[in-house]
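Contents: one structure, followed by commentary.
These figures come from a predicted structure and were not determined experimentally. The sequence lines fix the lettering, A, B, ..., with proteins before strands; numbering per chain opens at 1. Excluded from the calculations below are hydrogen atoms, water molecules and symmetry mates; all remaining heavy atoms, backbone and side chain alike, are included.
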Protein chains: 2
Amino acid sequence: MADQRCRLPGWRDRVMTAEQAAELIQDGMTVGMSGFTRAGEAKAVPVALARRAAENPFSITLMTGASLGNDLDKLLTEANVLARRMPFQVDTTLRRAINDGRVMFIDQHLSETVELLRNQQLGKIDVAVVEACAITESGGIVPTTSVGNSASYAILAEKVIVELNLAAPAGLEGLHDIYIPQMRPNRQPIPVVAPDSRIGTPYIPIDPAKIAAIVVTEGKDSPSTVLPPDAETQLIADHLIAFFEGEIAAGRLTPSLLPLQAGIGTMANAVMSGLKDGPFENLSMYSEVLQDSTFDLLDSGKLNFASGSSMTLSPQRAEQVLGNLDVYRDRLMLRPQELSNHPGIVRRLGVIAINTALEADIYGNVNSTHVCGTRMMNGIGGSGDFARNSQLSIFVTKSVAKSGDVSSFVPFVSHIDHTEHDVDILVSEHGLADLRGLAPRERARVIIDRCADPLYKEALNAYFEEACQRGGHTPHCLEKALSWHQSLETRGTMRAMAAPLIEGGNVA
Amino acid sequence: MADQRCRLPGWRDRVMTAEQAAELIQDGMTVGMSGFTRAGEAKAVPVALARRAAENPFSITLMTGASLGNDLDKLLTEANVLARRMPFQVDTTLRRAINDGRVMFIDQHLSETVELLRNQQLGKIDVAVVEACAITESGGIVPTTSVGNSASYAILAEKVIVELNLAAPAGLEGLHDIYIPQMRPNRQPIPVVAPDSRIGTPYIPIDPAKIAAIVVTEGKDSPSTVLPPDAETQLIADHLIAFFEGEIAAGRLTPSLLPLQAGIGTMANAVMSGLKDGPFENLSMYSEVLQDSTFDLLDSGKLNFASGSSMTLSPQRAEQVLGNLDVYRDRLMLRPQELSNHPGIVRRLGVIAINTALEADIYGNVNSTHVCGTRMMNGIGGSGDFARNSQLSIFVTKSVAKSGDVSSFVPFVSHIDHTEHDVDILVSEHGLADLRGLAPRERARVIIDRCADPLYKEALNAYFEEACQRGGHTPHCLEKALSWHQSLETRGTMRAMAAPLIEGGNVA
C-alpha cells in the first residue's frame with residue numbers, strides 16, 4: 001500500500017520514526033505545520049516534539065494553517081515547546097498560556113500569514129511538517145483533509161518532513177488545487193473566477209531533495225465539535241433564510257444566491273443546513289472550512305460546488321464522506337487558505353459571508369475574539385478576509401450568553417475585530433438587523449430593536465438616548481461605555497446594568 | 001472653444017443654466033456628484049440647489065467621490081439640502097451637522113460605494129452631476145482633475161447633468177482610465193498589474209441620451225490646504241526614510257520600494273516629499289490622491305509613474321501642472337476610486353500604504369475618524385482599503401496634539417477604524433515602531449518606547465503593567481481604559497492621567 005501512496009523513487013531511504021524526524025527541529029527554530037480547523041495536521045512529529053521537550057526543554061515558533069486537532073496544541077503547550085504561535089488556535093490549554101502571556105500568539109487574518117513569510121516579514125521557515133496522503137513521482141506532496149498553509153510552508157522551508165498518513169483515503173488525491181501567487185509587485189491576477197476554477201496542481205510542487213524525512217502514520221483527524229441546532233440557532237437560520245428570500249424577491253439576489261462562506265461552528269453550520277429547505281438552487285460555496293452542512297447541501301442537490309481549505313466533519317459524516325469520495329469528487333476542491341480567503345477573490349466573486357460574533361455593539365462593530373476585551377478565545381481566523389470583501393457580510397450570535405448574564409449586544413464592544421463598515425447584517429434569535437446604507441444612529445435603533453434580548457433592550461435604548469443628547473456621529477457616554485463589561489468582570493453578570501441606566505445617569 | 005470641448009453633435013440643444021439643470025433634482029432624490037479630495041467637483045449645480053432650497057426647502061441623499069471643494073458641503077448644509085451624505089467629507093459646517101445628528105452620514109471605505117450601488121444595496125441614483133473637461137463625439141464624458149465615483153454614478157443614474165468646465169485644461173483629456181468591473185459573481189479579474197496599466201477608456205462611456213443637461217462653467221478647484229513640513233513632520237519623514245533604507249539593506253525591499261500610497265494631508269505629503277532625498281529610484285505610486293509631493297518626486301526624476309483618482313494641489317503647483325500637462329502626461333493616470341483603492345489590486349501590487357492616525361492604542365489599533373470616540377472628523381476614506389491589503393501598512397501621527405494636552409498614544413483607542421491586524425508600522429516624531437510579527441504585549445512595549453511622548457510614557461507603561469498583572473492576550477484595565485478620553489472631555493487635557501496611574505490604581 002505504501003508504495004502506491006509514495007511514488008517518489010527511493011523514498012524508503014528517507015523513512016524514519018517521528019522521533020528521528022523531530023530531531024530536525026531544534027531550539028529556536030520556526031516550524032510550519034499542516035492543519036486547518038483540526039483537519040489534516042501532522043500527527044506524529046508534534047507528539048515526538050512534546051515528548052522530547054519534557055526531558056530536554058526547547059521551544060519553537062509554530063505556524064499552522066489554523067487550529068490543530070488531536071490535542072496537539074495542548075501537548076505542545078504543556079511541554080513548553082511553544083514560544084510563539086500563529087495564526088489561529090482553539091485549544092483550552094494553549095488559550096490559557098496565551099492569556100497568561102506565556103505563549104506569544106500572533107492573531108492573523110488567515111489569508112496573510114504566507115504572504116508575510118514570502119515577503120520576509122516573519123523570518124524564515126526552518127522546517128515544514130506536512131501531512132500527506134501521497135507523494136508523487138516527482139516528489140509532489142498531496143495533502144489530506146486540509147491544505148491550509150502547507151504548500152507555502154513546504155516551498156519556503158529549508159527542510160520538509162512529510163507525514164505519510166496511510167489512514168487517509170487515497171481518494172483524496174485530486175481534490176486539491178495548489179496555486180502560489182507570484183511575487184509582488186509583478187504578480188499577475190490570480191485566475192479564480194468561480195468556486196470551481198481549477199488553476200494549479202493537485203499536489204504541492206517542491207524540490208524532492210528538500211524532503212528530509214518521511215514518517216509513516218495512520219492517525220485520524222479529530223471529529224468536528226459542531227452541535228445540532230438548538231431552538232435559538234434554528235431561529236437565527238430561519239431569519240437569515242427569510243432575508244435571502246426577501247433579497248430574491250427584491251431582485252438583489254437570485255435563487256443561486258452568491259458563493260457562500262460560513263465560519264466554523266454550530267451557528268454557521270445550522271444556517272447553512274437550513275438552506276436546504278429554502279427556495280434555493282444551484283448554490284455554491286467559496287469558504288474556508290467545509291462542515292457537515294456542506295455535505296447535507298450537496299446531498300440535497302441544492303449545492304453544486306464547494307471550495308474550501310479543509311473538511312472538518314462529525315464522526316458519522318467523516319466516515320460517509322471519506323468512504324465515498326467518488327460521490328463528491330467533482331463537486332469539491334481544497335485550496336491553500338491564501339486562496340480560499342483571498343481578499344481579491346472574495347471581492348471578485350461577491351461572496352456572502354456568514355460569521356459568528358462574540359458580541360456586537362449598538363453601532364454594529366463586532367468582537368469575534370476577546371472576552372471582556374482582554375482574554376483571547378480563538379483568533380480572528382478568516383472572518384476579516386471575508387467580512388471586509390464580501391458582497392454581504394453577515395454576523396450571527398445568540399442575543400445572550402451564560403443564561404442571560406451576558407448580553408451579546410452592548411453599548412461599546414470591548415474589542416473590535418470588524419468595524420461597522422464591514423458589517424452589513426446582524427442576526428440573533430430575535431431578528432435580523434439590515435444595516436446597509438444606515439448611519440450609526442440609525443444602525444443603533446435597528447440593532448437594539450431587532451437583535452437585542454428584551455432583558456437588555458431598555459438599558460441599551462437608555463444608553464443610546466443619553467449618548468445622543470451628548471452628540472456625535474457615533475454617540476457614546478465614555479464613562480459608561482465599558483461598564484457592562486466591568487459589571488461582568490466584577491459581578492459575573494451584566495444584569496445589574498439595566499436598572500441604573502434606566503434611572504438616568506449623569507448626563508453631561 | 002466650447003465646440004472643441006464638446007464634440008457631441010447637437011449638444012447645444014441640451015445647454016442650460018445651472019438653475020435649470022438643478023430643477024432635474026427634486027426632493028427625496030439620490031444624487032451622485034463628481035468630486036474627490038476637493039478636486040473635480042461639479043461647481044455650479046450644487047450652488048443652484050442651495051439657492052433654490054433657501055427659498056423652497058427640499059432635501060436629497062448626496063453621494064460623491066470624497067470631499068468637495070468650493071465650500072459646497074457648507075452651502076448645501078446651510079441650505080438644509082443634505083438629508084443623507086456619503087461616503088466622505090471634510091467640511092466644518094457639515095461635520096457639525098453630522099455630529100448633531102442632523103445629517104445622516106454614511107462613512108464608507110471609498111472603494112465600496114459604487115460596488116454597493118451596483119448591487120442595489122444603496123438604492124438607485126436618480127441624477128448624476130459630473131464635471132467634465134470635454135464630451136466626446138459619442139457622448140463620452142471626460143472628467144477633470146478627479147474621477148472619484150463619477151463613472152459609475154453617470155452609468156447608473158437615470159439622468160446625467162454634465163458641467164462642462166472650460167477653465168479646466170483641455171489637456172486633461174487622455175489622463176483618465178475608466179474601467180467598470182463586471183457584475184458579480186461572473187466578474188473576470190481586473191487586469192491592472194502595474195500602476196501604469198491602462199485597461200479602460202479615457203472617458204466615461206454612457207448612452208448620450210441620458211445627458212439631460214449640459215451646464216457650461218469656468219470654476220476652479222479649491223487649492224490644497226496642505227502645509228509645509230514642520231519639525232515634527234520632518235522627523236516622521238526621516239524615521240520612515242531610515243526604515244525604508246533598512247528594509248533595502250535587509251533585502252526586503254529594493255530601491256524602487258513598492259507602489260506607494262499616501263493619504264491626503266500634510267504629514268503624508270511630507271513623507272512622500274522626503275523620498276526625493278533618499279537612495280530611491282524608479283519609484284511608482286498607486287494611490288488615491290496625488291498631491292504636490294507627487295509632482296516634486298516626478299520632477300526629481302525619482303518617481304516613474306503615479307496612478308491616483310484625483311490631483312489636489314497648492315495654487316502654485318496647480319498652475320504649473322495644469323499649464324504643463326504634456327510634461328507629466330505619460331507619467332500620470334487618474335482612475336475611478338473603485339480601482340485606485342481596489343483591495344484586490346492593492347494586494348496584488350503589494351502597495352506600501354502611508355496613512356495618518358488620529359490616535360493609536362498601545363496594541364496598535366488605530367482611530368482615524370472619531371474625536372473622543374464620538375465626533376466625526378472626516379471619515380475613514382481610503383485608509384481601510386489600503387491598510388488592510390497593503391504589503392506594508394504604515395500609520396503616522398505626531399505623538400501629541402493641542403500642545404501636549406492630547407496624547408496620540410492611549411491605552412485604548414476610543415474608536416477603531418484599523419485593527420491591530422492591519423497596522424504594521426507606527427511612526428511619530430520620536431521614532432518608529434515596527435510591529436510586524438509581534439504579539440500584543442510585545443507591540444505595547446515597542447509602541448510606548450518608540451512612539452509615545454515622554455510626557456505620557458510613564459503613564460502608559462503603568463497602565464500596561466497593571467493590565468498585564470490582570471492577564472489576557474490583550475491586557476486592559478477596563479475601568480481605566482477610556483479614562484484618558486474622559487479626562488480630555490471633562491478637563492480639556494489628558495495630562496492629569498499620568499500621576500494617579502503611576503501611584504497605582506485598584507489592581508483587581
Side-chain angles (χ1 to χ4, degrees), chain A residues 98-101 104-109 119-123 184-185 187-189 191 193-194 251-252 258-259 343-344 347-350 370 372-376 380 384 388-389 391 414-417 419 421 436-439 441-442 468 471-476 478-479 481-482 485-486 489, chain B residues 98-101 104-109 119-123 184-185 187-189 191 193 251-252 258-259 343-344 347-350 365 370 372-376 380 384 388-389 391 414-417 419 421 436-439 441-442 468 471-476 478-479 481-482 485-486 489:
Chain A
I98 290 167
N99 287 322
D100 289 348
M104 292 294 101
F105 177 55
I106 298 97
D107 177 28
Q108 292 174 318
H109 297 301
N119 302 328
Q120 306 172 59
Q121 298 192 78
L122 285 180
R184 304 182 289 192
R187 179 177 294 174
Q188 293 299 304
V193 294
R252 284 190 289 267
L258 284 161
R347 175 82 171 236
R348 185 186 298 155
L349 300 180
H370 282 69
C372 279
T374 59
R375 293 185 299 281
M376 170 59 66
I380 194 168
R388 171 68 62 90
N389 300 291
Q391 175 156 334
S414 57
H415 180 91
I416 291 185
D417 293 291
T419 71
H421 311 282
R436 293 175 293 175
L438 300 186
R441 289 178 189 225
E442 298 169 315
C468 285
H473 177 60
T474 305
H476 274 298
L478 289 186
E479 81 285 2
L482 290 170
H485 300 89
Q486 285 169 247
E489 289 280 60
Chain B
I98 289 168
N99 287 321
D100 289 348
M104 292 293 101
F105 177 57
I106 298 99
D107 178 27
Q108 292 174 318
H109 297 301
N119 302 327
Q120 307 173 58
Q121 297 192 77
L122 285 180
R184 302 182 290 190
R187 180 177 294 173
Q188 292 299 304
V193 294
R252 285 189 288 266
L258 285 161
R347 175 81 171 236
R348 185 185 299 156
L349 300 179
N365 298 288
H370 282 67
C372 278
T374 59
R375 293 186 299 281
M376 171 58 66
I380 193 167
R388 172 67 62 89
N389 300 291
Q391 175 156 335
S414 57
H415 180 90
I416 291 184
D417 293 292
T419 70
H421 311 284
R436 294 175 293 176
L438 300 187
R441 290 178 190 225
E442 298 169 315
C468 284
H473 177 60
T474 306
H476 274 299
L478 289 185
E479 81 286 0
L482 291 169
H485 300 90
Q486 285 170 248
E489 290 281 58

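B:Q188 meets the side chain to side chain contact (heavy atoms under 4.5 Å, CB included) test with A:V193, B:Q182; sequence neighbours excluded. Partners of B:H485 under the ring pair (Phe, Tyr, Trp, His ring centres under 6.0 Å) rule, at least two apart in sequence or in another chain, do not exist in this structure.
With A:Q121 contributing its side chain and B:Q391 its backbone, the two residues share a donor-acceptor pair below 3.5 Å. Side chain of B:R441 to main chain of A:M104: no donor-acceptor pair is present (N/O by atom type, distance under 3.5 Å, no hydrogens or angles).
The most heavy-atom pairs under 4.5 Å with chain A, out of B:S414, B:G350, B:G344, come from B:G350. The most heavy-atom pairs under 4.5 Å with chain A, out of B:D417, B:T419, B:N119, B:I98, come from B:N119. The greatest number of non-hydrogen atom pairs below 4.5 Å with chain B, out of A:A194, A:P191, A:G101, A:G384, is found for A:G101. Chosen from B:H370, B:R347, B:E489, B:Q486, the residue pairing most often with chain A at heavy-atom distances under 4.5 Å is B:R347. Note: A:R348 leads A:R436, A:R252, A:R348 in heavy-atom pairs under 4.5 Å with chain B. No other option in B:H476, B:R187, B:M376, B:H109 has as many heavy-atom pairs under 4.5 Å with chain A as B:H109. Counting heavy-atom pairs under 4.5 Å between each of B:R388, B:H415, B:R375 and chain A puts B:R388 at the top. Heavy-atom pairs under 4.5 Å with chain A peak, among B:L258, B:N365, B:L122, at B:L258.
Contact annotation for A:P259: only side-chain heavy atoms (C-beta onward) come within less than 4.5 Å of a heavy atom of chain B. For a residue to count as touching a neighbouring chain, one of its non-hydrogen atoms must lie under 4.5 Å from one of that chain's; by this rule A:L438 touches chain B with backbone and side chain alike.
Between B:G251 and A:Q120, the shortest heavy-atom distance links the atoms O-NE2, 3.5 Å. Between A:P343 and B:N389, the closest heavy-atom pair is CB-OD1, 3.5 Å. The nearest pair of heavy atoms linking A:L482 to B:L478 is CD1-O, 3.9 Å.
Atoms OG1 and CG, on A:T474 and B:D107 in that order, are 8.0 Å from each other to the nearest 0.5 Å. For the atom pair NE2 of A:H473 and CD1 of B:I106, the computed distance is 8.0 Å after rounding to the nearest 0.5 Å.
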